[in-house]
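This report refers to the structure that appears directly beneath it.
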Amino acid sequence: MRNPIFSVYGLRNARHLCHWPMRNRVFNSGSVTSVPFRCLRPRSSTRDTDLYSLNKKISHLIRNDRICDARALFDSTNNRNTVTWNSMISGYVQRREIAKARKLFDELPKRDVVSWNLMISGYVSCGGSRYIEEARDLFNRMPGRDCVSWNTMISGYAKNGRMDEALRLFNCMPERNVISWNAMITGFLHNGDVLRAIEFFERMSERDAASLSALVSGLIQNGELDKAARVLTEFGNKDEARADLVHAYNTLIAGYGQKGRVEEARHFFDQIPFYLDRGKQGNGKFQRNVVSWNSMIMCYVKEGDIASARELFDLTTEKDTFSWNTMISGYVHLSNMEEASKLFGEMPNPDTLSWNTMISGFMEIGSLTLANDFFERMPQKNLVSWNSMIAGYEKNEDYKGAVKLFSQMLREGEKPDRHTLSSVLSVCTGLVDLHLGMQIHQLVAKTVTPDVPINNALITMYSRCGAINHARTIFDYFKLQKNVISWNAMIGGYASHGFSEEALEVFKLMTRLKVQPTYITFISVLNACAHAGLVEEGRKQFKSMYSEYGMEPQVEHYAAFVDIVGRHGQLEEAMALINTMPCKPDRAVWGALLGACRVHYNAELARVAAEALMRLEPESSAPYVLLYNMYADVGQWDDAAEVRMMMEKNNIIKQPAYSRLDSSHC
DNA sequence: GTAGGGTTAG
C-alpha cells in the first residue's frame with residue numbers, strides 16, 4: 001500500500017457496501033416509491049443511458065467545485081430523475097448553500113429517502129440550534145426513515161451538545177447499526193463525557209475500526225492520552241477491530257506529538273509492525289502506512305528535532321507529498337532555508353502547500369526577493385499564498401509592497417479573508433494611514449464576522465492613526481470578544497496620545513473585571529503616569545507589578561519609572577534606581593534620566609546619562625545635542641564647547657528630527 | 001446522491 005489514497009478508497013468502498021443491504025431492506029419494505037438503483041448501471045434504453053451519464057456529469061462537476069456549471073446542466077434538461085435532483089441538492093449541501101438546497105427540495109416532484117436525508121444532513125452540517133430544529137422538523141415529517149436518517153439526526157444533536165436528545169433517538173430507533181453506536185461515542189466525547197463513551201464502546205456487540213478510532217481520538221481530544229493508549233492496547237489486539245487499526249495508532253502518535261511526548265509516540269510507532277505477511281487473514285492491513293510515518297516525522301518536527309525527523313524520512317520508502325512538506329516545514333521553522341531549498345528541489349511534485357511553506361520561510365528570514373520569486377513562479381496560487389506574501393511584507397515593514405500586493409490580489413479576483421484583512425490592518429497601522437484603514441474596516445464589516453484578533457487589529461489601527469475615539473467605540477462594542485491584547489491596545493493607545501486619565505480609567509476597569517494584565521499593560525500604565533506627572537500613582541503601580549501580580553519589572557518598566565520620578569525632579573532617586581536595577585539599563589532608561597536632567601537643570605547627572613548613552617550608541621548625535629543645549633541653558637559655555645569638540649572629534653553628525661529619547665513605545 | 005474515525009502552511 002504505497003499510496004494512502006488507496007486506503008481511503010478502500011474504506012469508502014466498504015462503506016458503500018454497507019449501504020446495500022440497508023437500502024434493500026427499506027426498498028423491500030415498500031416504504032420508498034422511487035427506484036434508487038436504477039441509474040447505477042446503464043440500461044439498454046438510450047433515455048436511461050442519457051440519464052445515467054447526465055447524473056455522472058453533474059456529480060463530476062460538483063466534485064470539481066463547479067457547482068454553477070452543474071446547475072446549468074441541471075437546468076438544461078427536463079429528463080431528470082430523483083438521483084439528478086439529489087445530486088444537485090447534495091452539491092448545495094456540501095457548499096453549505098442550504099437555502100438553494102431547500103428550494104430544490106421543495107420543488108422536487110418525487111422525493112425518496114435520500115432526498116430527505118440529504119436535506120437533514122444539510123441542516124445538521126450548518127450547525128446551530130435553529131438549523132437543528134429545521135432538520136428535526138423534516139425528520140418528523142418524512143414518510144419512511146432509514147438508518148441514515150436516524151444516524152444523521154443523532155450526530156446533529158451530538159454536534160450541538162444535546163446528548164439527551166441524541167440518546168432519546170438512539171434508544172427509540174427501530175434498528176441500530178455500528179454507525180449509530182459510533183456516532184453516540186463521538187458525541188459523548190465531543191461533549192466531554194468520557195465515561196459514557198467508554199461505557200457505550202464496551203456495550204457494543206460489533207465494533208469496527210472506526211469505533212476504536214473514534215474512541216481513541218476522542219479520548220485524546222479530552223486530554224486522556226494515557227486512557228487512549230490503554231484502550232488501544234487492550235482492544236487493538238482483538239480480531240474484530242484488527243483491520244485498519246493503524247488509523248487509531250496514528251491518531252495516538254499524533255496526540256502524543258501534540259503534547260510533546262515524543263518518546264511515547266515513538267513507542268507506539270515501533271509497535272505498529274513494519275511488515276506483516278499479507279497472506280495472513282485479518283492482519284493484512286495492520287502495518288505502518290504512510291500516515292504513520294508522517295505522524296511520527298511530524299512529532300519530531302514539532303519538537304524541533306530535525307535530525308530524528310530526517311532519519312525517518314530517509315528511512316521510509318513510503319513518502320508522499322505530505323512527508324516532503326512536513327520535512328520542508330521543519331527546516332523552515334528552524335530558518336534553515338538552505339536545507340529547505342535543497343529538499344524542495346529534490347521533491348517530485350511540489351504542491352501549493354510546498355510553495356507556500358517556502359515563501360513563508362523566506363519571509364521569516366527577510367528574503368523578500370526570494371519569496372517574491374517563488375510566489376511568481378508557483379503554478380497555482382491560493383489564498384494562503386497571497387496571505388503569506390502580504391503578511392511577510394508587513395512583518396518586514398515593506399508596507400507599500402504589501403498594499404501593492406493586496407490591490408493586485410483584489411484585481412485578480414481573490415477574496416480576502418480574516419487573515420488577509422488583519423495583515424492589511426497592520427499595514428495601515430504601520431503606514432499611519434487612517435484613510436486606508438477605514439476602507440479596510442468597511443471591507444472587514446462586509447466580509448468577515450469579527451473575532452478577537454480582527455477587533456484588536458482595528459483598535460490598534462485606529463488608535464495609532466490618531467482616531468482614538470473610533471478605537472474606543474470598537475473596544476466598547478465588542479464586550480465579550482476581547483482578550484488582554486485588546487485591553488493593552490486600548491490602554492496603550494490612550495497612553496501614547498497623552499490621554500493619561502483615560503488610560504488609567506481603562507486599566508482600573510480591567511483590574512475590576514479581573515483580566516490579568518501583562519508586562520505590556522504596565523509599560524502603558526507607567527507611561528501614562530509619567531505623562532500625567534502622577535508620581536505616587538506610578539510608584540504604586542510599579543510596586544504592584546511584583547506584589548500583586550508576581551511580575552518582575554523589566555527594563556522598559558524601569559525606564560518608565562525613571563521617567564516618572566525624574567520628571568518630578570527626584571533625580572537622585574532616579575539615579576539610585578538605575579544603579580540598583582537588576583537588568584542592564586538601556587537607551588530608554590538613560591534617555592529618560594537625561595531628559596529629566598535637562599528639564600531640571602542638573603548638569604552633573606546629565607553628563608553621567610549622556611556618557612552612558614554615548615557608550616551604548618556611539619554614532620548617535622542625540623546625547624551630544626541634549627548635553628550641549630543643557631550646558632547652554634545653564635550658561636556653562638566651556639562645557640558646551642567641550643561637547644561640541646567631542647562631537648567633532650568623534651565624527652558625530654547632527655541628525656535632524658531626533659526628538660524623543662524616552663520609552664513611550666506601546 | 002445521504003450517517004461515524006487519521007497526518008501539513010497564512
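So you know, we letter chains A, B, ... as the sequences are listed, proteins then strands, and number each from 1.
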Item to check | Ring-face cation of A/Arg207 near A/Trp181 (centre distance under 6.0 Å, axis angle within 45°) | outcome: no

Checklist entry - So what does A/Leu353 touch, heavy atoms closer than 4.0 Å: a base, only the sugar-phosphate, or nothing? => result base

Checklist outcome for this item: When rounded to whole Å, the NE2 to P distance for the pair A/His190 and B/dG5 reads 11 Å

Checklist entry - Once you round it to whole Å, what is the distance between P of B/dG4 and CH2 of A/Trp150? => result 18 Å

Next on the checklist: Applying a 4.0 Å non-hydrogen cut-off, can you work out what A/Lys159 is touching in the nucleic acid: base, sugar-phosphate, or nothing?
Outcome noted: sugar-phosphate

Item to check | Euclidean distance, atom CE of residue A/Met184 to atom P of B/dG4 [Å, nearest integer] | outcome: 14 Å

Checklist entry - Is the NZ or CZ atom of A/Arg102 both under 6.0 Å from the centre of the six-membered ring of A/Phe105 and within 45° of that ring's axis? => result no

Checklist outcome for this item: When rounded to whole Å, the CG to C1' distance for the pair A/Leu118 and B/dA3 reads 11 Å

Item to check | With sequence neighbours excluded, residues passing salt bridge (charged side-chain N to carboxylate O under 4.0 Å, His left out) with A/Glu303 | outcome: none

Item to check | Which nucleotide in B/dT2, B/dA9, B/dA3 has an atom nearest any side-chain atom of A/Ser90 | outcome: B/dT2

Next on the checklist: Within the 4.0 Å heavy-atom criterion, would you say A/Ile359 contacts the bases, only the backbone, or no part of the nucleic acid?
Outcome noted: nothing

Checklist outcome for this item: What one should report as the nearest heavy-atom pair of A/Glu318 and A/Arg288 is OE2-O, 3.6 Å

Item to check | Candidates B/dG4, B/dG6, B/dT2 - which lies nearest the side chain of A/Val148 | outcome: B/dT2

Item to check | Under 3.5 Å donor-acceptor pair, A/Asn182 side-chain atoms to B/dA3 base atoms | outcome: no

Next on the checklist: Let's test your reading of the model: under 3.5 Å, does the base of B/dG5 pair with the side chain of A/Asp208 as donor and acceptor?
Outcome noted: no

Next on the checklist: From CD1 of A/Ile272 over to P of B/dT7, roughly how many Å is that when rounded to an integer?
Outcome noted: 14 Å

Checklist entry - If you look at every strand shown and take non-hydrogen atoms under 4.0 Å, does A/Lys302 touch a base, only sugar-phosphate, or nothing? => result sugar-phosphate

Checklist entry - Excluding sequence neighbours, so at least two apart, what forms side chain to side chain contact (heavy atoms under 4.5 Å, CB included) with A/Thr77? => result A/Leu54, A/Asn79, A/Arg80

Item to check | Atom-pair distance (CE on A/Met88; P on B/dT2), nearest Å | outcome: 13 Å

Next on the checklist: Taking the minimum atom-to-atom distance to the side chain of A/Asn117, which one of B/dT2, B/dG5, B/dA3 wins?
Outcome noted: B/dT2

Item to check | Closest listed nucleotide, where the reference is the side chain of A/Thr251 and the choices are B/dG4, B/dG6, B/dA3 | outcome: B/dG6

Next on the checklist: Is there a side-chain contact between A/Ser217 and the phosphate of B/dG6, meaning an N or O under 4.0 Å from OP1 or OP2?
Outcome noted: yes

Checklist entry - With a non-hydrogen cut-off below 4.0 angstrom, is A/Asp351 in contact with a base, only sugar-phosphate, or nothing? => result nothing

Checklist outcome for this item: From CG of A/Asp417 across to C1' of B/dA9 the rounded distance in Å is 13 Å

Checklist entry - Between A/Gln221 (CD) and B/dG6 (C1'), how many Å, whole number? => result 11 Å

Checklist entry - Which part of the nucleic acid, if any, lies within contact of A/Thr326, taking any heavy atom under 4.0 Å across all strands shown: a base, the sugar-phosphate backbone alone, or nothing? => result nothing

Checklist outcome for this item: Of the listed B/dT8, B/dG4, B/dG6, the closest approach to the A/Asn250 side chain comes from B/dG6

